[in-house]
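Scroll down for the structure; my scribbles are underneath it.
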Amino acid sequence: MSMEEMVMKALASVKQEDVLHDYRPFLVIYKDGKVQKFLGNFSVPPSIDTVTGVESKDVVISSETGVYVRMYKPQSIKPGEKVPLLVYFHGGGFVVESASSPPYHSYLNALTSKANVIGVSVNYRLAPEHPLPAAYDDAWAALEWVRRADEPWLKEHVDMGRVFLAGDSAGANIAHHMAKWASSCDTGVKLVPKGIVLVHPFFWGGERIGSEARKMTAGEKGPSGALADKLWKLVNPGTSGSDDPMLNPGMDPELETLAGEKVLVLVAEKDALRDRGFHYKEVLQKSGWKGEVEVVETKEENHVFHLINPASPKAAHLMEQFVSFLNSS
């Protein structure tokens with residue numbers, strides 16, 4: 001039985017009369033307090049990938065929280081060679097998935113190999129067990145760890161002038177905010193990202209824009225707009241609502257302080273969150289930010305399609321766009 005089939009079987013087994021809060025396809029909370037998560041329940045160990053030759057390893061960066069990073073080093077990197085660093089934040093609505101989930105492990109193997117970069121994939125704590133700002137705090141702890149550059153792969157191979165932040169869905173939200181935090185960091189040497197890649201970013205807002213009204217319940221293979229509202233309140237109980245600047249960058253009065261020279265936003269036509277990617281470009285440009293921002297849309301595809309069907313031609317094209325951004329900056 002495939003992982004997708006196991007997920008579908010688990011979803012079908014839910015007895016609605018026992019459910020207190022329903023956040024499917026991510027999770028449900030039962031009346032007895034039990035939380036059942038349907039995605040990200042599988043993990044794979046670090047390895048030397050048989051397809052790409054990329055070597056990976058896990059490094060715990062906080063014994064207190066258990067936060068770790070999974071590092072990736074392509075075999076093409078020569079001894080002493082300095083290459084860009086990609087710090088990646090996985091998606092999953094802040095509630096599911098991990099840096100060791102099979103889709104993310106495979107994706108980072110392929111991405112770092114094609115781009116010839118060192119990869120650091122951050123495994124942050126998840127809600128509802130650890131509500132926000134836990135994920136943001138863990139992500140920042142990872143960047144502080146990178147900034148110190150005490151780890152051998154970082155010391156030997158990373159050009160700290162070419163650091164990129166990236167993520168998909170909730171991970172893209174995290175990447176954006178880490179670039180904001182980096183701009184205001186005043187502790188020692190700053191870690192200033194050169195560029196940011198936001199893949200199908202989890203941004204939202206109180207007012208419907210573009211095609212959102214008709215997509216409010218149309219997220220058959222991804223989060224619907226209605227779920228975005230509900231999920232945000234679950235993961236961030238102290239939020240002011242969907243116009244919280246942490247969810248809606250357009251409400252951030254200091255958006256122009258975003259660190260980085262270039263931003264690439266990748267969106268999917270059928271994704272309920274699609275219009276937020278275009279809105280992000282609009283508000284970023286209007287804010288007075290001095291960098292370059294580009295939005296690229298994949299037609300006829302849904303949220304994180306490249307992770308669901310990584311062998312598809314459109315997934316390959318999305319990766320080419322990602323790699324090109326890393327290599328041209």
Side-chain angles (χ1 to χ4, degrees), residues 46 49 52-59 61 68-77 81-91 97-101 103-124 138-149 151-179 181-182 191-201 259-266 294 296 304 306-307 310 315 318-329:
D49 186 55
T52 64
V54 171
E55 181 181 358
S56 57
K57 63 181 179 181
D58 290 345
V59 181
I61 64 170
Y68 72 88
V69 297
R70 178 159 293 184
M71 301 187 69
Y72 296 84
K73 184 178 75 170
Q75 62 178 353
S76 56
I77 298 178
E81 180 184 4
K82 297 290 187 178
V83 299
L85 173 68
L86 172 65
V87 182
Y88 194 90
F89 306 100
H90 69 79
E97 298 295 357
S98 72
S100 62
S101 295
Y104 286 103
H105 183 64
S106 295
Y107 188 68
L108 267 295
N109 273 320
L111 180 58
T112 56
S113 175
K114 290 181 182 297
N116 197 49
V117 300
I118 293 289
V120 169
S121 181
V122 181
N123 196 72
Y124 52 87
D138 295 345
W140 185 248
L143 290 185
E144 283 287 278
W145 174 82
V146 166
R147 183 180 62 82
R148 293 192 295 271
E151 199 283 328
W153 286 4
L154 297 179
K155 281 183 178 179
E156 182 177 1
H157 295 298
V158 168
D159 176 355
M160 286 297 178
R162 291 188 291 164
V163 175
F164 295 86
L165 307 182
D168 64 278
S169 196
N173 177 296
I174 294 173
H176 162 77
H177 288 295
M178 291 307 100
W181 291 16
L191 177 69
V192 180
K194 190 173 183 65
I196 310 159
V197 182
L198 308 180
V199 185
H200 308 165
E261 301 171 3
K262 299 174 70 173
V263 177
L264 173 64
V265 185
L266 300 171
E294 179 184 12
V296 178
V304 297
H306 60 297
L307 297 173
L318 184 147
M319 182 170 287
E320 288 172 4
Q321 294 167 327
F322 201 146
V323 169
S324 177
F325 182 85
L326 298 177
N327 291 162
S328 63
S329 300

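Residue numbers start at 1 and run along the sequence shown. Because the structure is a prediction, the values reported are computed rather than measured. Both backbone and side-chain heavy atoms feed into the values below; hydrogens, waters and symmetry mates do not.
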- Query: Is a side-chain donor or acceptor of Asn116 paired with a backbone partner of Pro74 at a separation under 3.5 angstrom?
  - Reply: no
- Item | Least distance between heavy atoms, Phe322 atom then Ala166 atom | CZ-CB, 3.5 Å
- Sub-4.5 Å side-chain heavy-atom contact between Arg148 and Leu154: no
- Message: Less than 4.5 Å apart, side chain to side chain, heavy atoms only: is that true for His176 and Ile196?
- Response: no
- Sequence neighbours excluded, which residues qualify as ring-ring contact (aromatic ring centres under 6.0 Å, His included) partners of His177? Tyr136
- Item | 4.5 Å side-chain heavy-atom contact, Gln321 and Glu294 | no
- Is it true that a side-chain atom of Ser98 and a backbone atom of Ser100 form a donor plus acceptor pair closer than 3.5 Å? yes
- From CD (Glu320) to NZ (Lys114), nearest 0.5 Å: 7.5 Å
- Here the gap from Asn109 atom CG to Arg70 atom CZ, rounded to the nearest 0.5 Å, amounts to 9.0 Å
- Glu156 bridged to Lys73 by N-O distance under 4.0 Å: no
- CZ of Arg162 to NZ of Lys194: how many Å apart, nearest 0.5 Å? 8.5 Å
- Query: Listed by chain and number, what are the ring-ring contact (aromatic ring centres under 6.0 Å, His included) partners of Tyr88, not counting sequence neighbours?
  - Reply: none
- Message: If you compare all heavy atoms of Ala115 against all heavy atoms of Leu326, which two are closest, and at what distance to 0.1 Å?
- Response: CB-CD1, 3.9 Å
- Could you tell me the separation between the CG atom of Asp168 and the CD atom of Glu97, rounded to the nearest 0.5 Å? 8.5 Å
- Heavy atoms only: give me the nearest His90-Val122 pair and the separation to one decimal. CD2-O, 3.5 Å
- Item | Which atom of Pro46 lies closest to which atom of Asp58, heavy atoms considered | CD-OD2, 3.7 Å
- Message: Using the ring-ring contact (aromatic ring centres under 6.0 Å, His included) criterion, which residues pair with Tyr72? Sequence neighbours excluded.
- Response: His105
